[in-house]
Amino acid sequence: MKISLFNTMGRKIEEFVPREAGRAGLYCCGMTVYNFAHIGNMRTYVFEDILRRALEMAGYEVRHVMNVTDVGHLTSDADEGEDKMIVAMRREGKTAHQIAEFYTDAFFRHADMLHIARPHVVCKATEHIPEMIAQVERLEANGLAYRAGGNVYFDIEKFPSYGDLAGLDMENLQAGARIEVDKAKRNEHDFALWFTQSKFENQEMIWDSPWGRGYPGWHIECSAMSMKYLGEQFDIHCGGIDHVPVHHTNEIAQAEGATGKKPWVRYWVHGEWLVMGEEKMSKSKGGFVTVDTLVERGYDPLALRYFCLQAHYRQQLGFSYDALDGAATALSRLRENVLALRKETGGTAAELGDDHPALAEFQAYLADDLNVPRAMSVVWNTLRSDRAAAEKLALVYRFDNVLGLGLEDYEPPREEIPEQVAALVEERLAARKAKDWATADALRKRLADMGYALKDTAEGTTVTKHS
RNA sequence: GGCGAGGUACCCAAGUGGCUAAGGGGGAGGUCUGCAAAACCUCUAUGCACGGGUUCGAAUCCCGUCCUCGCCUCCA
């Protein structure tokens with residue numbers, strides 16, 4: 001199984017060839033933990049999780065690293081606006097550390113609910129300040145950084161390939177199209193590596209540095225930490241599409257500027273937005289829906305995962321509750337199918353050769369720049385095929401190693417049935433036995449009004465809550 | 001102003017030159033059932049924003065038009 005990926009650097013699909021045979025180094029940009037992750041954020045992590053699982057299915061030993069940015073980022077590169085962490089502190093009356101810890105925990109709780117595998121390394125920005133300082137010092141030593149107005153800036157004039165990732169046209173880029181340009185910069189597109197000049201009182205997240213007490217720039221944490229855990233050059237770096245023009249562009253400049261080695265990263269892979277209606281989901285517009293919101297509305301979090309699997313990662317995906325309902329229904333049918341197959345086979349899946357045609361088809365789609373929607377169609381076509389039940393079961397389990405829907409471990413929820421309800425069910429059973437259909441149906445209706453649905457099967461009547 | 005992504009059925013969404021335009025949801029019909037529910041089966045775009053063009057052949061390539069979204073502040 002050879003995997004091809006769309007490399008943002010170069011904008012074309014390339015076969016994945018790791019630096020070291022059999023191993024894949026994967027760095028995924030994580031959250032800035034000043035608020036909950038919304039489902040748009042989570043879509044990107046689902047995509048990255050699929051990428052990791054696909055690499056594993058292809059036989060690579062994956063080392064998956066993700067950062068947690070727990071140091072405040074200003075709302076603007078011009079040292080204006082407010083620090084997000086400080087806004088959160090004021091909003092919630094907590095310390096920066098408490099804010100970061102709370103939202104970090106919330107993020108991983110949500111990720112777990114979506115069956116997003118934990119990265120092998122989760123690194124916090126605040127625990128890597130020395131590494132960041134060291135990288136800024138390297139940049140200074142290489143003549144790529146300068147001090148001005150108390151801050152340290154990266155000098156993009158000294159890095160000719162700046163902007164290659166995004167295809168930026170530096171001549172026509174309008175800095176300050178929406179913000180004030182920092183007057184201390186030599187070039188308006190230079191970006192800060194280290195700040196000592198802060199407008200904010202009670203800026204509690206500051207550290208000593210060769211340039212004075214301050215805090216790091218917005219991009220340095222990812223280049224410093226990814227290099228610490230994956231080496232000065234590594235295989236794959238991913239994140240949301242928004243990272244292309246600024247964050248990753250700056251990371252490349254910092255990393256390659258510090259080490260002098262190119263390319264720093266072999267494959268850049270970016271996920272598209274989840275959009276609400278016609279707009280991208282964000283805090284200021286388009287609503288703010290979290291995994292918890294979905295749970296409160298009665299959804300299984302995995303319905304969101306299933307929903308994400310229906311679209312290609314490089315296409316915007318239009319979210320609506322109608323569409324999510326569709327995914328939730330499809331997921332429960334998939335589970336019903338698995339339960340039926342288990343029953344038919346006694347739970348024993350067939351032995352499966354690695355060259356099984358259905359598996360090969362599934363993998364071929366996956367290997368083609370993660371065409372998961374197509375891979376999903378293989379799942380359904382397999383279920384509908386005339387293959388033996390044990391074979392289908394084995395295939396579905398194998399598919400699910402990548403899909404991550406937890407099908408092998410799925411058990412229907414055991415409902416706690418109140419005595420009163422149980423009594424009515426018994427009463428109805430008696431009526432049915434007596435073929436008193438009118439009474440039986442009336443009781444069924446009454447139970448339905450109470451929120452309990454009945455299923456009369458060959459093995460007896462089952463009761464489920466809700467629906 | 002610059003750059004990028006799109007417009008495929010009622011909804012979500014694959015497909016980028018060639019058999020009958022994946023798959024899921026929804027809807028319709030059917031099997032099963034005392035009737036239901038669940039599950040399963042069948043059907044559901046002679047059509048791919050619009051207008052031209054290239055080609056034996058286009059949703060797919062080219063030109064033009066209309067529309068939507070994103071980025072150029074931090075953002076997944």
Side-chain angles (χ1 to χ4, degrees), chain A residues 11 28-32 34-35 37-48 69 72-78 80-84 166-181 189 218-219 238-247 270-275 277-284 306-307 309-312 314-320 322-334 336-337 339-340 365 371-381 383-384 432 435-438 440-441 444-445 448 453-458 461-462 464 467:
Chain A
R11 312 268 164 145
C28 300
C29 278
M31 292 288 298
T32 299
Y34 65 97
N35 204 337
H38 55 62
I39 56 176
N41 299 123
M42 298 317 286
R43 181 193 180 194
T44 296
Y45 298 108
V46 168
F47 136 64
E48 291 163 352
T69 297
H73 280 187
L74 304 189
T75 52
S76 128
D77 200 31
E80 290 180 1
E82 292 203 282
D83 181 295
K84 293 172 183 174
L168 298 182
D169 176 356
M170 300 316 293
E171 299 299 314
N172 289 318
L173 252 194
Q174 281 187 5
R178 292 150 73 187
I179 55 155
E180 286 290 308
V181 174
H189 300 297
W218 330 138
H219 316 290
C238 40
I241 190 78
D242 55 300
H243 281 149
V244 175
V246 178
H247 185 55
H270 295 97
E272 255 291 356
W273 300 118
L274 181 71
V275 296
E278 297 285 279
E279 291 178 327
K280 79 166 187 176
M281 176 171 288
S282 67
K283 281 128 210 174
S284 52
Y306 186 99
F307 180 70
L309 301 183
Q310 289 185 299
H312 187 94
R314 283 194 287 115
Q315 293 298 330
Q316 290 187 358
L317 171 58
F319 178 85
S320 68
D322 271 356
L324 185 63
D325 286 341
T329 302
L331 175 62
S332 78
R333 276 197 189 141
L334 197 52
E336 290 293 338
N337 266 274
L339 292 178
Y365 283 129
N371 194 337
V372 181
R374 270 289 181 172
M376 289 302 294
S377 75
V378 176
V379 174
W380 288 104
N381 289 333
L383 289 171
R384 202 179 300 128
R432 290 191 71 215
K435 298 200 190 296
D436 179 0
W437 309 125
D441 290 352
R444 181 167 62 198
K445 173 78 168 56
L454 301 182
K455 255 196 264 186
D456 300 323
T457 70
T461 298
T462 63
T464 44
S467 107

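In what follows, chains carry the letters A, B, and so on, assigned in the order in which the sequence lines appear, proteins first and then strands, with residues in each chain numbered from 1.
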| field | Same-atom distance (C1') from A36(B) to C69(B), integer angstrom | value | 45 Å
| request: Could you pull out all residues at least two apart from R43(A) that satisfy salt bridge (charged side-chain N to carboxylate O under 4.0 Å, His left out)? | output: none
| Pairwise side-chain contact, R374(A) with S377(A), heavy-atom cut-off 4.5 Å (strictly under) | yes
| said: Generate the contact string for nucleotides 8-18 of chain B. Rules: B means base contact, S means sugar-phosphate contact only, - means no protein heavy atom under 4.0 Å. | reply: ----SSBS---
| query | Once you round to the nearest 0.5 Å, how far does NZ of K445(A) lie from CG of L454(A)? | reply | 13.0 Å
| Same-atom distance (C1') from G17(B) to U54(B), integer angstrom | 12 Å
| task | Could you please spell out the steps behind the side-chain contact (heavy atoms from CB on, under 4.5 Å) verdict for Y306(A) and L334(A)? | result | CA-CA 10 Å; Y306(A) 186 99; L334(A) 197 52; 4.1 Å; yes
| request: Let me see the working for L383(A) and R333(A) under side-chain contact (heavy atoms from CB on, under 4.5 Å), right down to the final yes or no. | output: CA-CA 11 Å; L383(A) 289 171; R333(A) 276 197 189 141; over 6 Å; no
| task | Report the distance from atom CD of E336(A) to atom C1' of G24(B), rounded to the nearest whole Å. | result | 16 Å
| query | Side-chain contact, heavy-atom cut-off 4.5 Å: Q315(A) with E272(A)? | reply | no
| query | Distance from R432(A) atom CZ to T461(A) atom OG1, nearest 0.5 Å? | reply | 5.5 Å
| request: Assign each of T329(A) and E48(A) to its nearest nucleotide of RNA chain B by heavy atoms, then name whichever residue's nucleotide is nearer the 5' end. | output: T329(A)
| Comparing V378(A) and A166(A) on RNA chain B - which has the more 5′ nearest nucleotide | A166(A)
| Whole Å only: how far is the CG atom of D242(A) from the C1' atom of C72(B)? | 13 Å
| said: Categorize F47(A) for me: base, sugar-phosphate, or nothing, with a 4.0 angstrom heavy-atom threshold over every strand shown. | reply: nothing
| request: Could you give me the stems involving RNA chain B, meaning stretches of three or more consecutive Watson-Crick or G-U wobble pairs whose two defining distances are both below 3.5 Å? | output: B:1-7 with B:66-72, B:10-12 with B:23-25, B:26-31 with B:39-44, B:49-53 with B:61-65
| task | Find the distance I39(A):CD1 to C75(B):C1' and express it as a whole number of Å. | result | 16 Å
| task | Return the nearest nucleotide to the side chain of A330(A); candidates are A38(B), C40(B), G25(B). | result | G25(B)
| From CZ (R384(A)) to CG (N337(A)), nearest 0.5 Å | 9.5 Å
| Rounded distance in Å between the C1' positions of U73(B) and C61(B) | 39 Å
| said: I'd like to check the ring pair (Phe, Tyr, Trp, His ring centres under 6.0 Å) partners of H243(A); sequence neighbours left out, ordered by chain and number. | reply: H247(A), H248(A)
| task | To the nearest Å, give me how far apart NE2 (H189(A)) and P (C71(B)) are. | result | 18 Å
| field | C1' gap between A76(B) and U42(B), integer Å | value | 42 Å
| said: Whole angstroms only, please: what is the CG-C1' distance between L383(A) and C41(B)? | reply: 15 Å
| said: Just so I know, are the side chains of V372(A) and F47(A) near enough to count as touching, which here means a heavy-atom distance under 4.5 Å? | reply: no
| Integer angstrom distance from the P of A38(B) to that of A49(B) | 36 Å
| said: Looking at A39(B), I'd like to know if its phosphate oxygens (OP1 or OP2) sit under 4.0 Å from a side-chain N or O belonging to R384(A). | reply: no
| Would you say the side chain of D242(A) lies within less than 4.5 Å of the side chain of W273(A), judging by non-hydrogen atoms? | yes
| query | Expressed as a whole number of Å, how far does the P atom of A28(B) sit from that of U33(B)? | reply | 23 Å
| remark: Against the side chain of W380(A), the closest entry in C75(B), C71(B), G24(B) is G24(B)
| Integer angstrom distance from the P of A45(B) to that of A22(B) | 11 Å
| remark: Here the distance between atom P of A76(B) and atom NE2 of H247(A), to the nearest Å, is 9 Å
| Just checking V379(A): base, sugar-phosphate only, or nothing, at a heavy-atom cut-off of under 4.0 Å? | nothing
| task | Starting from the C-alpha separation in whole Å, work towards a yes-or-no answer on side-chain contact (heavy atoms from CB on, under 4.5 Å) for T69(A) and W218(A). | result | CA-CA 9 Å; T69(A) 297; W218(A) 330 138; over 6 Å; no
| Taking the same atom, C1', in A13(B) and in G18(B), what whole-Å distance lies between them? | 24 Å
| Which parts of nucleotides 31-37 of chain B does protein reach within less than 4.0 Å, heavy atoms only, written one letter per nucleotide 5' to 3' as B for base, S for sugar-phosphate only and - for none? | ---BBBB
| field | Residues forming a salt bridge (charged side-chain N to carboxylate O under 4.0 Å, His left out) with R314(A), sequence neighbours excluded | value | D369(A)
| said: What is the separation between atom CD on E272(A) and atom P on C71(B), rounded to the nearest whole Å? | reply: 10 Å
| said: Students often get this wrong, so: under 4.0 angstrom with heavy atoms, is G271(A) touching a base, only sugar-phosphate, or nothing? | reply: nothing
| query | Separation of L331(A) atom CG from G24(B) atom P, in whole Å? | reply | 14 Å
